[in-house]
There are 2 protein chains.
Amino acid sequence: MKTLNRKDEILIVAAKLFKEKGYSAVTMRDLATDMHIKAASLYNHIESKQAILKEIILSISEQFTEGMERIIKLDASSIEKLKKVIRLHVKITSRNTNGMASLNNDWMHLGDQLEYYKKLRYNYEDNFRQIIQNGIDSNEIKNEKLDVLLFSMLSTLRSLYIWIPKKEDINIEELSDSLSEILITGINK
Amino acid sequence: MKTLNRKDEILIVAAKLFKEKGYSAVTMRDLATDMHIKAASLYNHIESKQAILKEIILSISEQFTEGMERIIKLDASSIEKLKKVIRLHVKITSRNTNGMASLNNDWMHLGDQLEYYKKLRYNYEDNFRQIIQNGIDSNEIKNEKLDVLLFSMLSTLRSLYIWIPKKEDINIEELSDSLSEILITGINK
DNA sequence: AACCAAAACTAACAATTGTTAGTCTAACTT
DNA sequence: AAGTTAGACTAACAATTGTTAGTTTTGGTT
């Protein structure tokens, strides 16, 4: 395990603040106060406020991209793949709930890197859609409106960052299984 | 239908901007530019920036509260009530997608009215949970983890504001039915 | 034509913003 | 002991922020 350097500490504290108030409402002085240093000292470790956001969001985005690419290569049924996607979200989110808030709510402030982020996001959604479409084609999944299906699953998975921190001792396996049951099998008796 | 006065126009334009960049990143000069007036002129119609946010968020919150109170009084099955809640979300959201963005992402900047908002929100969730719980008790709904169930449905419904504007000509009835099918019946074949 | 209210304007303010330059300090390495 | 460096500091900047005060313009009603 890499030891935490000063820059990583800043990223962690920043993500916490960004979650609480949003990127734009957090000042460099707020961040400095929570780091117990002065604002100017932050610049010994980071280039700019925007660069902090960039690192938080893109590192997570790339984890999703890698995870998804691993899953679509698998030789498995569509339902199995969907379950793996669900687990991917639970795993990444539970490891970094604060960063997920920035990814969901502050991506529009990325500046330079905005287009790159949007590309990653679009590709991810497209792979997700493809898995569902394959499931419909192979008769594993109900032929419900594809877009509504995708939207519903993504909404739930993307909101996990709000919900996970509220539950004490989340078990990743258990939560993934519950979500699979609800998202895939439904709630009707 | 009440005619649109200048203040309402400001609220509409503000909601659009708040959705695009978030409340904190929108300046009064941004808002004024889009209204084709100067920033100072805004204050002939509104008291403050925060008051704009307050009106946007609370008016929607109260629509949800009223709708929910109507539904829980109904003499209907839990599944029927859930379907009505889904329709309530689709209806309110499609009427005001921009405002829903503020409600979801900028409630923490409400200041004075923050506690009132949180109370409305908490009560709403509690009524929602109660409907599901009743459904489990009466054997209409699978005894899945209650909290995960509630979280999953709420996440999807709260994210509608992102998704609805992307679809051309949404039919409220049709979308509500699709969502009911997916959220309640599941996707498994 | 005179009047009035609504709604625009100009000018300015005090506070806050992200960031830079230059300096000091404490802790390792030699 | 001397030297080096990471990481803190103070001071300041130019730009931007929400907002106020006071004035002018506009369009409708008498």
Side-chain angles (χ1 to χ4, degrees), chain A residues 2-58 98 101-102 105-114, chain B residues 2-58 98 101-102 105-114:
Chain A
K2 248 195 274 184
T3 78
L4 227 48
N5 60 20
R6 209 78 177 102
K7 178 175 174 178
D8 290 336
E9 290 179 38
I10 291 176
L11 294 181
I12 289 170
V13 174
K16 189 198 87 198
L17 290 176
F18 290 170
K19 178 178 183 186
E20 285 169 9
K21 318 202 290 172
Y23 171 75
S24 304
V26 174
T27 71
M28 295 303 273
R29 285 165 182 82
D30 291 336
L31 177 52
T33 300
D34 275 28
M35 289 292 298
H36 306 105
I37 59 178
K38 302 287 166 169
S41 306
L42 292 169
Y43 289 84
N44 285 319
H45 309 282
I46 51 102
E47 303 129 50
S48 66
K49 188 188 178 190
Q50 197 172 244
I52 295 176
L53 186 70
K54 185 191 88 185
E55 297 221 32
I56 291 173
I57 292 182
L58 290 188
N98 295 333
S102 298
N105 303 321
D106 286 318
W107 53 268
M108 68 283 275
H109 302 113
L110 273 176
D112 269 0
Q113 310 287 332
L114 179 56
Chain B
K2 246 195 280 187
T3 78
L4 226 49
N5 59 21
R6 210 77 176 103
K7 178 176 174 177
D8 290 337
E9 291 178 37
I10 292 176
L11 295 182
I12 289 169
V13 174
K16 189 198 86 196
L17 291 176
F18 291 169
K19 178 178 182 186
E20 286 169 7
K21 317 201 293 173
Y23 171 76
S24 304
V26 175
T27 72
M28 295 303 274
R29 285 165 181 84
D30 291 337
L31 177 51
T33 300
D34 274 28
M35 290 290 301
H36 306 105
I37 59 177
K38 302 286 167 170
S41 305
L42 292 168
Y43 289 83
N44 284 320
H45 310 281
I46 52 101
E47 304 129 48
S48 65
K49 188 188 178 189
Q50 198 172 242
I52 296 177
L53 186 70
K54 185 191 88 184
E55 298 221 32
I56 292 173
I57 292 181
L58 289 189
N98 295 334
S102 297
N105 303 320
D106 286 318
W107 53 268
M108 68 283 274
H109 302 113
L110 274 175
D112 270 359
Q113 310 286 335
L114 179 56

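The model shown is predicted, which means the values in this text are computed figures rather than measured ones. By convention in this document, chain letters (A, B, ...) are assigned in the order of the sequence lines, proteins followed by strands, and residues within each chain are numbered from 1. The figures here come from the full heavy-atom set of this structure, side chains too, leaving out hydrogens, waters and symmetry mates.
- In this structure, the NE2 atom of A:His109 is 12 Å from the P atom of C:dG18, given to the nearest Å.
- Dashed line: the shortest gap from a side-chain N or O of A:Arg6 to OP1 or OP2 of D:dA8 is under 4.0 Å.
- By the 4.5 Å heavy-atom criterion applied to side chains, A:Glu55 and A:Lys7 are counted as neighbours.
- Put simply, CG on A:Asn5 is 13 Å from C1' on D:dG7, counting in whole angstrom units.
- Taking every heavy atom of both residues into account, A:Met108 and A:Leu114 meet most closely at CA-CD1, 4.2 Å.
- Residue contacts shown for A:Thr27 are limited to sugar-phosphate atoms, with no base heavy atom under 4.0 Å away.
- Of the candidates D:dC9, C:dC9, C:dT20, the closest approach to any side-chain atom of A:Ser41 belongs to D:dC9.
- Taking the side chain of A:Arg29 as heavy atoms from C-beta on, and the options C:dT17, D:dT19, C:dT10, the nearest nucleotide is C:dT17.
- Distance, B:Lys38 NZ to D:dT26 P: 15 Å, rounded to whole Å.
- Put simply, CD1 on A:Ile37 is 18 Å from P on C:dT25, counting in whole angstrom units.
- Between the P atom of D:dA6 and the CD1 atom of A:Ile10 lies a distance of 15 Å, rounded to the nearest Å.
- Within the 4.5 Å cutoff, the side chain of B:Asn44 has no heavy atoms near those of the B:Arg6 side chain.
- In this structure, A:Asn44 atom CG and C:dT23 atom C1' are separated by 12 Å, rounded to whole Å.
- Of the side-chain N and O atoms in A:His36, none sit less than 4.0 angstrom from OP1 or OP2 of D:dA8.
- Here the side chain of B:Met28 is nearest to one of D:dG18, D:dC9, C:dA11, namely D:dG18.
- Atoms CE (B:Met35) and C1' (C:dC9) sit 15 Å apart, rounded to a whole Å.
- Taking the charged nitrogens against the carboxylate oxygens, A:Asp112 and A:Lys54 have no contact shorter than 4.0 Å, which rules out a salt bridge.
- Mapped onto DNA chain C by nearest heavy atom, A:Val26 and B:Leu42 fall at different nucleotides, with B:Leu42 at the one closer to the 5' end.
- Comparing C:dT19, C:dA8, C:dT10 by their nearest atom to the side chain of A:Tyr43 picks out C:dT19.
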